[in-house]
Amino acid sequence: MKLALHFDGSVAINILRQAILAAGENTTIHYSAAHDLDASHMLSVLSAAGSEKNLVLGFDGARLDPRSLRQAVSFAGDRTTLDISAAQAVNPAALVTAITSAGDGKSMRAVFSGARVNEEILRSALDAAGRQVDIGLGASQSLALETLLATLRAAGDQRKLAVELGGAQPAANLLQALEAAGAHTGIAINTAHALDRDELQALMLGAGNGKHLSLSFNGGQMDEASLPQIVAAAGTNTLVRLNTAEALGAGHLLSAIEATGNTRQLSVEYNGAQTPAAGLVQAIEAAGISTSVSVSSAQGVAVEGLVSALGAAGKTKKLDLQFNAGQLPAAELQRLVEAAGNRCGLSINGAQALPLPNLLEVLKAAA
């Protein structure tokens with residue numbers, strides 16, 4: 001199983017260090033306030049991770065000190081990722097220097113907002129990106145089409161680029177973006193239910209089996225009867241995501257899972273506060289190797305139901321459960337960690353709410 005612990009800036013650095021040191025190879029520690037660390041604390045955290053621990057340091061681009069970013073790049077270990085949000089707010093020269101310093105050996109992700117980014121800065125970041133640097137572009141529909149296409153061409157087949165677009169725009173624009181996408185570029189359409197049947201078909205035909213395409217549908221806003229056909233038409237590298245899956249009728253959802261044929265990629269995403277355990281277990285039991293099931297606010301499902309879900313997943317089904325640590329008793333969390341199979345993942349937000357002894361027990365159970 002995989003365990004992800006998410007800490008915010010309220011955690012004491014000594015607690016964060018202890019969590020990192022106790023983490024096994026199946027655990028990733030996320031810290032979202034790296035921009036607030038002074039030099040000594042930055043080094044303390046990075047030295048705890050070394051080259052063996054999985055660590056993600058989150059920086060708010062609007063708040064980070066370029067010197068802190070340089071330090072993080074210099075001392076980051078092999079399994080540390082530097083994750084920069086609002087990258088358009090970082091001093092351009094400092095950002096490009098950091099990306100260049102990362103080279104091909106350091107792992108970094110820089111995410112820009114299409115509503116605020118400058119084309120020149122975005123292009124410079126792409127040009128500087130090495131093999132382990134991912135560039136993300138959100139709200140890309142805010143960019144002029146010519147700018148978006150130029151960015152996609154600049155990424156080419158070498159750079160890693162993730163582009164997020166809304167479905168409520170001309171389908172011709174989406175198709176042009178997809179056609180311009182290179183081998184390592186992913187196009188994610190976050191409101192695919194806004195597209196009609198012909199538009200979806202054109203996009204999936206355009207993606208074929210080579211382009212990386214993600215189509216996200218809201219279960220409460222789509223024509224459920226068309227769902228199995230959409231899944232069946234998807235190419236090898238197309239992911240169909242169903243959020244608010246609890247709003248779908250069981251029959252249509254199970255038909256969609258069956259339509260994967262264990263080759264099409266399907267992600268079924270539930271809100272635990274509104275999901276009966278029986279329906280969740282039924283979906284997991286029906287899921288094949290190419291279907292993943294996830295539950296946000298999983299603390300909203302009774303723990304016995306979650307244990308049943310993990311049991312249904314066993315060692316072969318992919319199931320991800322996301323919790324808020326402040327709303328789940330630590331003993332129950334440890335029980336779920338111990339019950340999780342090989343392809344299951346548990347993600348704990350607000351992990352600083354766990355008492356240290358319980359936190360260490362959870363980490364021990366996940367190792």
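We count residues from 1, following the sequence as given. The figures here come from the full heavy-atom set of this structure, side chains too, leaving out hydrogens, waters and symmetry mates.
Side-chain contact between Lys2 and Thr28 is absent, with no heavy atoms from C-beta onward closer than 4.5 Å. Side-chain contact between Leu37 and Leu43 is absent, with no heavy-atom pair separated by less than 4.5 Å. Between Leu333 and Leu354 the shortest side-chain heavy-atom distance falls below 4.5 Å.
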Please evaluate residues Leu254 and Glu258 with respect to the criterion side-chain contact (heavy atoms from CB on, under 4.5 Å), reporting the C-alpha separation (whole Å), side-chain torsions for both, the decisive distance (0.1 Å), and the verdict.
CA-CA 6 Å; Leu254 295 178; Glu258 183 179 358; over 6 Å; no
**Request:** Determine, stepwise, if the pair Asn349 / Gln322 fulfils side chain to side chain donor-acceptor pair (under 3.5 Å).
**Result:** CA-CA 7 Å; Asn349 295 316; Gln322 300 153 26; 5.9 Å; no
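Linking ILVMFWY residues whenever their side-chain heavy atoms come closer than 4.5 Å, directly or via other members, leaves Val96 and Leu161 in distinct clusters. When hydrophobic clusters are built by joining Ile, Leu, Val, Met, Phe, Trp and Tyr residues whose side-chain heavy atoms come closer than 4.5 Å, directly or via intermediates, Ile187 is grouped together with Leu143. Using a 4.5 Å cut-off between side-chain heavy atoms of Ile, Leu, Val, Met, Phe, Trp and Tyr, with links allowed through other members, Leu356 and Ile348 fall into the same hydrophobic cluster.
Among residue pairs with one or both ends in residues 92-111, none qualify as ring-ring contact (aromatic ring centres under 6.0 Å, His included); sequence neighbours excluded.
Side-chain atoms of Asp83 and Thr81 include no donor-acceptor pair closer than 3.5 Å. Gln88 and Asn118 share no donor-acceptor pair across their side chains, judged by distance under 3.5 Å alone. One side chain, Glu164 or Asn190, offers a donor N or O that lies under 3.5 Å from an acceptor on the other. Using modelled atom types, one finds no donor on one side chain facing an acceptor on the other under 3.5 Å when comparing Asp320 with Ser294. A donor-acceptor contact closer than 3.5 angstrom is absent between the side chains of His35 and Ser68. A side-chain N or O of Arg17 and one of Ser44 form a donor-acceptor pair less than 3.5 Å apart.
Of the inter-residue distances, the one linking Glu199 atom CD with Gln201 atom CD reads 11.5 Å to the nearest 0.5 angstrom.
Each of Ile99, Val111, Leu57, Val90 was evaluated against Ile84; a single residue qualifies, Val90, per the side-chain contact (heavy atoms from CB on, under 4.5 Å) test.
Within 6.0 Å of CD in Glu338 there are more than 12 heavy atoms belonging to other residues, nucleotides or ligands.
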